[in-house]
Amino acid sequence: MAATDLAPDSETAPDANAADPGPVDVDGLAVVRKRVPNARSICDAAVLAADIEAIVSCEDDAGLRRTAVLARLKDALTTGNAEIRRRFEASNDGAACVRQNAWLMDRLIEAAARLATEREFPATNPTTAERIAIVAVGGYGRGEMAPQSDVDLLFLRPYKQTPRGEQIVEYLLYMLWDLGLKVGHATRSCEECIRQAKADVTIRTSLLESRFLWGDEQLYAELRERFFKDVAAGSPIGFVEAKLQESDERHRRLGDSRYVVEPNIKDGKGGLRDLHTLFWIGKYVYRVDDVTRLVDRGVLTLGEARRFAKAQKLLWTIRCWLHYMAGRAEERLTFEMQPVIAERLGYTDHAGAVAVERFMKHYYLTAKDVGDLTRIFCAAIESEHKRRRPWVRLSRLLTEERFGDFMIAADRITVLDDEAFARDPVNIVRMFHEAQARNAMVHPQALRLITQNLNRVDAELRRDPEANRLFLEMLSGPKNPAPILRRMSEAGVLGKFVPDFGRVIAQMQFDMYHLYTVDEHTLQCLSVLHDIEAGDLKEVAPIATEVVHKVLSRRALYVAVFLHDIAKGRGGDHSVLGERVARRVCPRLGMSEEETDTVAWLVRWHLLMSNTAFKRDVNDPKTVEDFVKIVQSPERLRLLLVLTVADIRGVGPHVWNGWKAQLLRDLYYRAYEALSGDSLRRGTAARIEAAKRRLADALPDWSEAEVEAHTALGYPAYWLAFDSDTHARHARLVREATRDGAHLAVDTRVDTARAVTEVTVYATDHPGLFSRIAGAMAATGADVVDARIFTLSNGMALDTFMIQGEDGKAFDRPDRIAKLASAIERALGGTLRVDRALEARKPSLGRRTRALRAPPRVLIDNKASVTHTVVEVNGRDAPGVLWRMTRALAGVGVQIHSASISTYGERFVDVFYLKDVFGLKIDSKSKLEDIRKALMKALGAAEERKAA
């Protein structure tokens with residue numbers, strides 16, 4: 001795809017070596033009338049007709065004749081499709097491809113219809129009742145057909161079907177079906193068409209796009225005349241409203257955002273169906289057959305028409321690639337397809353952005369253009385409607401509210417005259433500020449005027465103190481800032497007023513963790529922050545809801561959320577680069593030096609809390625010490641907690657769960673305790689004693705001697721790892737197993753609040769115990785999200801695992817829990833073949849995950865803990881990968897003290913706290929290298945199985 005076809009500006013242009021179909025000409029929108037170049041190489045209609053005539057002349061048997069004709073038509077279809085695909089792959093011109101497909105289908109239907117009407121069921125002098133017209137409807141009626149699209153036909157008759165008409169229709173349908181085509185069809189009279197069109201807007205739309213193919217053209221002309229006279233006349237606004245409502249419902253069904261990471265090219269927001277809606281509206285209201293005529297009518301400017309052509313061409317090109325590669329009518333631009341299509345369109349990696357991300361950015365910018373065109377259409381139609389109904393203007397004047405250069409009518413804000421933005425460019429920002437303050441929508445005509453004045457959002461306006469004050473008020477005021485900022489972004493204002501934000505607009509993150517582009521994720525985070533402050537997330541984020549009202553730097557918090565991902569896609573650590581952006585942007589917005597410092601710190605460390613809570617053992621004093629050294633103050637701790645919750649929730653509701661909330665809560669309380677003035681070491685000793693006292697209180701039926709004997713079993717770290725309820729459950733499990741002389745006891749508890757199932761295993765400790773248990777869990781489809789491994793003073797292991805099903809929810813079905821307990825017993829007894837069980841399991845990852853890269857990596861940190869060696873392992877998730885890693889660690893003779901297991905879409909980050917066989921921290925360089933090699937080998941084995 002050529003740079004001129006895709007890029008809105010030179011900064012985002014694709015590669016010079018990308019396939020170039022030539023410049024987009026606006027005439028390319030007139031798809032029905034556009035000539036197909038060198039059409040004979042696709043299908044020579046004259047030769048095809050002559051061949052069929054020769055078959056009919058030579059073959060008297062009807063069955064043999066039909067078989068021979070069908071074979072000739074199949075050959076024409078196969079040859080034509082091959083030539084169209086060859087042209088498409090050479091040109092990357094989807095608009096030409098869909099025209100050529102429709103043209104080929106016209107020739108085949110024409111040949112079959114001529115055969116049916118003139119040779120198979122001839123009528124020398126057909127009566128009025130025998131008249132019939134074959135009409136293309138739907139997309140085929142527009143002259144557009146994707147490679148795997150249906151063939152939509154209307155068999156039009158005068159008033160009732162005759163035997164001859166039925167024979168013709170049946171013959172044609174069976175012929176098309178036998179060609180392997182998917183045919184949608186209806187047989188109706190003109191009267192039936194008009195009646196149904198009045199009652200059903202879908203049928204009305206289908207007839208609007210109708211195109212004569214074969215038969216009685218006068219009959220089709222009667223239908224068109226009746227349609228525009230009896231159906232379309234006097235109902236333009238009703239049709240427009242129905243189609244826009246239909247679009248809104250479709251968008252809601254598919255996520256209501258054009259920035260989802262796997263968009264639907266046909267029906268998604270900003271997709272082809274939205275462009276079709278504009279075409280339908282234009283044809284219905286203005287009686288034009290192509291978008292170019294809307295320029296003549298003054299509805300679109302020439303530049304806007306070219307944007308329409310460019311958007312349509314890219315969307316058709318993507319859709320054709322999807323159909324060809326999938327071999328079916330695939331409309332979703334999936335992870336699996338994205339890198340392949342990016343390569344076919346000539347995209348290559350650039351600094352800070354891989355090819356697929358650059359390709360997807362151009363798609364999202366195109367989808368945004370479609371939204372702009374929709375607003376322009378609506379404004380033009382409303383203006384036309386008002387001109388025709390002067391009494392509407394009079395009633396509107398009675399309800400208008402005027403202030404400054406603006407007015408509000410019918411809850412929509414607009415400018416008093418077209419010179420408002422030229423007179424004072426600050427009005428561009430002020431209009432959005434007023435819209436937010438007054439809960440008003442921005443009028444489409446005002447948005448169109450802004451588009452024409454975007455050049456006024458320049459360096460001078462960005463330096464203007466009043467413009468920056470208004471923007472900061474929108475961002476950090478009492479109302480949810482996300483809706484108004486989204487409107488500013490879609491109007492092109494936000495990206496120009498804050499150019500750093502403009503760089504992340506439509507910036508895709510090619511992974512399975514993020515659901516949105518960077519800019520949409522940022523707006524989602526701001527919306528979540530507002531919901532936290534409003535108390536709407538009290539059930540799922542109670543601590544953040546509590547502390548957000550204690551922060552002293554509320555304005556800094558909102559600005560930090562707005563800027564936290566501002567430097568993504570620049571080829572470096574976006575947190576470090578984002579800090580520099582914050583220090584440059586905040587003073588411009590009018591923030592104090594203290595606020596700027598707070599925002600910059602939050603942007604720099606916005607991943608610190610989640611990384612510490614999810615990847616480190618918060619019960620290790622060194623973990624909390626290192627965290628507190630960076631945080632330094634309770635105020636920063638509160639700000640960081642709220643920002644972290646907003647960031648995680650902003651990825652998507654499925655990412656946040658009770659288990660992550662618990663981990664963040666534990667870290668927050670431990671850090672707050674340290675920041676409150678207590679010595680961390682002294683506080684730890686006090687917490688251990690308090691935990692033992694709470695355990696005694698929770699066991700009223702135990703004697704003092706029994707309590708003392710049990711508390712003597714656990715080492716200090718054990719008492720810091722769990723709450724009193726868990727300690728009490730463990731105590732009962734240990735006592736029961738000791739009494740029964742059992743070498744293995746398994747206890748399970750479903751924790752719905754944290755969306756996990758807690759599995760406790762009490763067993764004789766031995767090397768490889770963790771690995772065997774992890775293998776049993778993998779074999780039964782359980783995913784480990786956290787593990788706490790403890791050896792008691794009696795030589796027994798007391799290991800606790802938090803597990804979930806593959807759906808990210810608690811592993812709670814009784815039959816599956818029973819199967820898990822049995823698998824653990826068999827694994828520890830040596831009778832469970834984990835390899836075979838994993839082979840029997842269906843892979844939990846879909847095909848699209850194979851398109852994503854997550855190279856394995858092993859990081860060894862001997863400074864993160866005083867007593868343990870911390871090993872962090874990154875890689876692509878796969879069934880059994882945890883078992884392979886823990887088996888590898890057992891093989892090199894190290895003990896796993898605890899493990900933190902995190903999954904981010906297709907990627908996992910697992911952290912192990914290790915000691916050697918003597919219970920000491922591992923200092924030997926050769927031993928550390930053995931650990932690294934063993935883990936990399938295990939990850940290689942996991943990748944091989946996954947690829948297989």
Side-chain angles (χ1 to χ4, degrees), residues 1 5-8 12 14 18-19 85 88-89 92-95 97-98 139 144 146-149 247 250-251 253-276 310-349 353-371 505-521 569 652 845-853 905-906:
M1 187 64 68
D5 294 336
L6 296 178
T12 56
R85 181 165 185 173
F88 171 71
E89 291 181 349
N92 273 318
D93 188 346
C97 180
V98 297
E144 299 173 345
Q148 298 292 332
S149 288
S247 294
R250 174 166 42 82
H251 295 160
R253 189 171 66 252
L254 294 173
D256 205 20
S257 174
R258 62 178 58 90
Y259 300 117
V260 295
V261 294
E262 286 192 314
N264 187 303
I265 295 298
K266 179 182 177 184
D267 293 323
K269 195 169 188 177
L272 275 166
R273 186 64 78 211
D274 284 353
L275 277 181
H276 296 161
K310 191 183 299 184
Q312 179 175 257
K313 187 172 186 178
L314 174 62
L315 292 174
W316 269 124
T317 301
I318 295 172
R319 191 182 183 205
C320 288
W321 274 121
L322 287 173
H323 281 212
Y324 278 132
M325 291 192 299
R328 63 181 187 279
E330 175 61 69
E331 312 300 350
R332 281 195 318 131
L333 187 51
T334 62
F335 278 106
E336 186 182 20
M337 297 290 196
Q338 288 169 13
V340 180
I341 295 179
E343 181 182 1
R344 300 290 174 88
L345 294 182
Y347 289 86
T348 57
D349 294 349
V354 297
V356 64
E357 292 177 348
R358 299 182 61 246
F359 160 58
M360 290 304 296
K361 180 165 187 171
H362 289 122
Y363 164 76
Y364 293 124
L365 291 172
T366 298
K368 178 180 174 297
D369 278 347
V370 174
I505 288 177
Q507 176 67 48
M508 183 204 184
Q509 303 175 84
F510 190 62
D511 58 43
M512 290 180 63
Y513 179 64
H514 294 90
L515 293 183
Y516 306 106
T517 54
V518 177
D519 56 320
E520 180 64 17
H521 163 70
L845 300 174
R847 289 187 305 159
R848 70 181 190 177
T849 309
R850 290 195 286 269
L852 304 172
R853 292 176 290 181
E906 78 291 350

Heavy-atom closest contact (L333 atom, Q338 atom, distance): O-NE2, 2.8 Å
Side-chain H-bond candidate by donor/acceptor type, W321 with N92, under 3.5 Å: yes
Salt-bridge criterion met for E89 and R85 (N-O under 4.0 Å): yes
E262 side chain to F335 backbone, donor-acceptor under 3.5 Å: yes
Between OH on residue Y363 and CG on residue L315, distance to nearest 0.5 Å: 6.5 Å
Criterion side-chain hydrogen bond (donor to acceptor under 3.5 Å, both in side chains) against E331, the qualifying member of H323, K266, R273, Q148: H323
Minimum heavy-atom distance V370-A311, with the two atoms named: CG2-CB, 4.1 Å
Taking every non-hydrogen atom, the tightest pair across F359 and A342: CB-CB, 3.7 Å
Donor-acceptor under 3.5 Å (R250 side chain, D267 main chain): yes
Closest contact, heavy atoms only, G268 versus D274: O-OD2, 3.9 Å
T517 side-chain N/O to A506 backbone N/O, donor-acceptor pair under 3.5 Å: no
Minimum side-chain heavy-atom gap R358-V354 below 4.5 Å: no
Under 3.5 Å: donor-acceptor pair, side chain of E330, backbone of R332: yes
From E357 atom CD to Y347 atom OH, the distance as rounded to the nearest 0.5 Å: 13.5 Å
